[in-house]
Structure formats: C-alpha cells, structure tokens
Amino acid sequence: MSPAAQWSRAFGLVGLGGATWCCLGDLEKEPKHYETAWELSKHRFARAQRSLGRHWFQKGELAKAIECFEAAVGINPLHTNIWFTMGCAQMKLERYDDCVATFSRCIGVDDDYAEAWANLAAAHSARGKLREARQCMAEAARRSLRGLAPP
C-alpha cells in the first residue's frame with residue numbers, strides 16, 4: 001500500500017478524489033496533499049502536478065517545478081499558463097534551449113500570448129540568435145498592440 005493510501009486510511013479520508021486533495025493542498029499550502037492526489041490518481045491527475053509545480057515555483061525550487069510542469073503538460077498540453085511558467089523557470093535557470101522549445105509550445109497553444117513571444121525573443125537573444133529574437137519581438141509588439149486597440 002502506498003504512503004498516500006496509508007495516510008488516507010489512517011485519517012479516515014479513504015475515497016476522496018484527487019480534486020479534493022488538491023483543494024486541501026490549496027487551503028493548507030501543503031505539497032503532500034498534491035502528492036497524495038497524484039498517487040491516488042495513479043499519475044493521471046494533471047492538476048496535482050500543476051499545483052505542485054506552482055508551489056515549487058513560488059518557493060524558488062525551479063528544477064522541481066519544471067519536473068512537475070513537464071508531467072502536467074504530458075497529460076494535458078493545452079494549459080498555456082503552465083507552458084509559460086515552465087519557460088520562465090527554464091529561463092531563470094539559463095536553460096535557453098529548453099525555454100525556446102517551451103515558449104514555442106506556449107505560442108502553439110495561444111498564438112496571441114504577447115509575453116510568451118517576448119520571452120521567446122529574450123531566449124533567442126541569449127542564445128545569440130538575433131534574427132529570430134527580432135522576429136519574435138516584432139510578433140510580441142504586434143500582439144501587444146492588438147490588445148490595446150479599441151473595439
């Protein structure tokens with residue numbers, strides 16, 4: 001029996017779903033609850049990894065956050081904000097090749113995400129790919145201006 005299942009049984013919480021454990025984790029700011037949700041779901045509940053990744057990101061544990069985000073987008077790749085946050089973590093760790101791929105995936109989900117275009121430009125610039133950086137910055141500016149246009 002897994003530690004999560006033992007803990008659940010000991011406290012009379014058998015039968016609670018992953019969403020409930022994640023809500024408890026949100027309320028108590030306790031990462032073990034997200035881990036419990038992940039274990040009970042047999043590694044299929046992406047929200048547990050998204051929440052755990054956000055927790056580690058806020059704590060500055062960027063490598064742990066990236067690992068959680070990778071698991072989450074492996075299950076559900078349509079969460080733009082997780083791609084974006086993972087790219088930011090990779091950028092902070094100076095993993096520029098990785099964050100280029102990650103911000104590209106983010107833009108693939110939401111082409112109008114101006115901040116993702118700008119961060120992609122910064123990553124290309126850090127890699128010395130100035131032509132790509134300039135093109136991405138132009139796209140960021142175009143999308144940013146779109147958001148300012150009157151209806």
Side-chain angles (χ1 to χ4, degrees), residues 2-8 10-11 13 16-130 132-144 147-148:
S2 74
Q6 290 173 348
W7 197 83
S8 298
F11 288 97
L13 301 174
L16 291 181
T20 305
W21 280 103
C22 285
C23 288
L24 189 59
D26 294 344
L27 289 170
E28 296 183 355
K29 308 281 190 257
E30 178 55 59
K32 287 187 189 274
H33 297 318
Y34 304 127
E35 293 167 1
T36 299
W38 183 243
E39 291 302 319
L40 292 176
S41 74
K42 297 180 180 161
H43 302 178
R44 293 185 301 228
F45 190 51
R47 180 179 178 232
Q49 288 298 308
R50 288 193 307 269
S51 297
L52 195 54
R54 285 186 195 107
H55 170 82
W56 292 125
F57 186 84
Q58 290 169 350
K59 297 288 183 185
E61 297 281 346
L62 301 179
K64 287 182 181 180
I66 292 166
E67 186 178 318
C68 294
F69 292 146
E70 286 173 340
V73 297
I75 295 167
N76 186 344
L78 298 179
H79 281 271
T80 309
N81 61 336
I82 297 303
W83 285 111
F84 183 81
T85 307
M86 181 167 57
C88 291
Q90 292 166 332
M91 189 177 285
K92 285 183 180 184
L93 294 175
E94 298 180 0
R95 292 170 45 181
Y96 298 116
D97 291 339
D98 292 340
C99 72
V100 164
T102 300
F103 286 124
S104 296
R105 290 294 302 266
C106 181
I107 291 163
V109 175
D110 181 2
D111 189 53
D112 285 330
Y113 202 152
E115 288 177 308
W117 279 104
N119 284 359
L120 182 56
H124 279 308
S125 180
R127 296 171 62 226
K129 306 284 186 173
L130 300 182
E132 290 88 343
R134 186 173 40 193
Q135 290 170 343
C136 290
M137 191 52 73
E139 293 296 330
R142 184 175 304 124
R143 281 150 177 82
S144 182
L148 299 175

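Bear in mind the structure is a predicted one, so any value in this text is a computation, not a measurement.
One distance of note links CZ of R95 with OG1 of T102; it measures 8.0 Å at 0.5 Å rounding. Put simply, CG on N119 and SG on C99 are 8.0 Å apart, with the number rounded to the nearest 0.5 Å. The CD1 atom of I66 sits 5.0 Å away from atom CG of L93, with the distance rounded to the nearest 0.5 Å. A distance of 12.0 Å separates NZ in K129 from CD in Q135, rounded to the nearest 0.5 Å. Between atom CZ of residue R105 and atom CD1 of residue I82 there is a gap of 14.0 Å, rounded to the nearest 0.5 Å. The structure places CD of E30 at 10.0 Å from CH2 of W21, a figure rounded to the nearest 0.5 Å.
Residues satisfying the ring pair (Phe, Tyr, Trp, His ring centres under 6.0 Å) criterion with W38, sequence neighbours excluded, are H43. In this view, F84 and F103, Y113 satisfy the ring pair (Phe, Tyr, Trp, His ring centres under 6.0 Å) rule, not counting sequence neighbours.
One N or O on the side chain of K29 and one on the backbone of D26 form a donor-acceptor pair closer than 3.5 Å.
Side-chain contact check for L120 versus E139: every heavy-atom pair is 4.5 Å or farther apart. A heavy-atom distance below 4.5 Å is not found between the side chains of Q49 and V73.
The two atoms that bring A37 and C22 nearest to each other are CB-SG, 3.9 Å, heavy atoms only. Among all heavy-atom pairs drawn from V109 and P77, the shortest one is CG2-O, 3.6 Å. Listed here is the closest heavy atom pair of C106 and T80: SG-CG2, 3.4 Å. For the residue pair V100 and A123, the shortest heavy atom distance occurs at CG2-CB, 3.7 Å. Taking every heavy atom of both residues into account, A140 and A118 meet most closely at CB-N, 3.6 Å. The shortest heavy-atom contact between N81 and R54 is ND2-NH2, 3.5 Å.
Around the CZ atom of R127, the shell of radius 6.0 Å holds more than 12 heavy atoms that belong to other residues, nucleotides or ligands. The environment of E67 atom CD is sparse: at most 12 non-hydrogen atoms of other residues, nucleotides or ligands sit within 6.0 angstrom.
Salt-bridge annotation for E35 and K32: absent, with no side-chain N of the basic residue lying under 4.0 Å from a carboxylate O of the acidic one.
Within the structure, no pair that satisfies the ring-ring contact (aromatic ring centres under 6.0 Å, His included) test touches residues 44-80, not counting sequence neighbours.
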